[in-house]
Amino acid sequence: MAIFRAFWNSPVGPKTIHFWGPALQWGVPVAAVLDTQKPPEMISGNMTAVLCVYSALFMRFAYMVQPRNYLLLACHVSNETVQLYQLSRWVKSNGYVLTTGVVFGFYFYASKLYLGFIVT
């Protein structure tokens with residue numbers, strides 16, 4: 001009971017927006033996972049790219065805000081992963097695949113977020 005009471009009264013507990021915002025935000029990555037079953041022709045490249053940028057920006061926000069919101073961070077990491085997968089499906093279906101093996105995306109290095117290319 002003490003563990004429940006501590007969670008209930010914590011700065012990121014169910015009495016705060018720090019809990020309910022991320023809890024409801026999980027609908028976005030869940031919908032993206034369900035969309036992986038659809039054909040790649042139905043993917044909007046623009047919207048998927050915007051969702052990638054959005055999740056990358058808010059991953060940093062969720063980590064930097066006080067108190068740290070790990071639930072929101074996990075939500076945006078999940079969304080970023082699924083959206084990058086969806087973007088790769090869209091790129092492949094539209095024939096934008098590069099023959100050199102260059103991968104474009106967001107990368108964490110030394111606790112900082114970078115946007116760039118990786119040659120494979």
Side-chain angles (χ1 to χ4, degrees):
M1 190 64 165
I3 294 173
F4 177 73
R5 184 170 293 140
F7 171 67
W8 184 262
N9 293 321
S10 76
V12 291
K15 289 183 177 181
T16 67
I17 192 67
H18 293 287
F19 175 81
W20 290 107
L24 297 174
Q25 183 71 24
W26 274 100
V28 176
V30 168
V33 167
L34 294 175
D35 284 348
T36 60
Q37 304 303 315
K38 294 180 180 175
E41 294 79 25
M42 294 183 68
I43 298 171
S44 168
N46 291 337
M47 189 64 200
T48 304
V50 167
L51 283 169
C52 287
V53 172
Y54 160 77
S55 283
L57 292 173
F58 274 87
M59 277 191 282
R60 184 182 185 284
F61 169 78
Y63 186 75
M64 298 305 288
V65 71
Q66 292 297 325
R68 286 210 168 114
N69 197 332
Y70 292 112
L71 183 58
L72 185 62
L73 180 64
C75 176
H76 284 296
V77 168
S78 301
N79 190 40
E80 181 74 16
T81 303
V82 176
Q83 295 300 336
L84 285 173
Y85 171 68
Q86 289 288 74
L87 193 59
S88 73
R89 289 180 62 219
W90 179 80
V91 165
K92 289 175 187 173
S93 73
N94 287 310
Y96 296 129
V97 178
L98 302 174
T99 58
T100 59
V102 176
V103 179
F104 176 74
F106 293 95
Y107 305 99
F108 280 104
Y109 179 73
S111 301
K112 293 187 178 171
L113 180 66
Y114 295 96
L115 174 66
F117 297 93
I118 293 180
V119 179
T120 57

Participant: Using the test side-chain hydrogen bond (donor to acceptor under 3.5 Å, both in side chains), find all partners of Tyr54 that sit at least two apart in sequence or belong to another chain.
Facilitator: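 side-chain hydrogen bond (donor to acceptor under 3.5 Å, both in side chains) list for Tyr54, sorted by chain: Gln25.
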Participant: Going by side-chain heavy atoms closer than 4.5 Å, which hydrophobic residues are tied to Phe4, directly or by a chain of links?
Facilitator: Trp8
Participant: Please name all residues satisfying salt bridge (charged side-chain N to carboxylate O under 4.0 Å, His left out) with Lys38, sequence neighbours left out, ordered by chain then number.
Facilitator: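 With neighbours one apart ignored, the set is Asp35.
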Participant: With ILVMFWY side chains joined below 4.5 Å, transitively, what does Val50's cluster contain besides itself?
Facilitator: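 Members other than Val50 - counting any ILVMFWY side chain reachable under 4.5 Å - there are none.
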Participant: Can you list the residues that meet the side chain to side chain contact (heavy atoms under 4.5 Å, CB included) rule with Pro22, with sequence neighbours excluded?
Facilitator: Asn69, Leu71, Leu72
Participant: Provide the full list of salt bridge (charged side-chain N to carboxylate O under 4.0 Å, His left out) pairs with a residue in residues 10-30, sequence neighbours left out, each pair given once.
Facilitator: none
Participant: Apply ring-ring contact (aromatic ring centres under 6.0 Å, His included) to Phe19 and list each qualifying residue two or more places apart in sequence or on a separate chain.
Facilitator: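 Phe19: ring-ring contact (aromatic ring centres under 6.0 Å, His included) contacts with Phe7.
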Participant: Taking all non-hydrogen atoms of both residues, which atom of Ser55 and which atom of Asn79 are closest, and how far apart?
Facilitator: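 Looking at all heavy atoms of both residues, the closest pair is OG-ND2, 2.6 Å.
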Participant: Hey, what else clusters with Val82 if you join Ile, Leu, Val, Met, Phe, Trp, Tyr whenever side-chain heavy atoms sit under 4.5 Å?
Facilitator: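 Its cluster mates, by chain and number, are Val33.
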Participant: Kindly state each residue pair satisfying salt bridge (charged side-chain N to carboxylate O under 4.0 Å, His left out) with at least one member in residues 42-51, sequence neighbours excluded.
Facilitator: none
Participant: Please enumerate all residues that pass ring-ring contact (aromatic ring centres under 6.0 Å, His included) together with Phe61, with sequence neighbours excluded.
Facilitator: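 If we apply the ring-ring contact (aromatic ring centres under 6.0 Å, His included) test to Phe61, skipping adjacent residues, the hits are Phe58.
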Participant: More than 12 foreign heavy atoms under 6.0 Å from CG of Leu34: is that the case here?
Facilitator: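 Yes.
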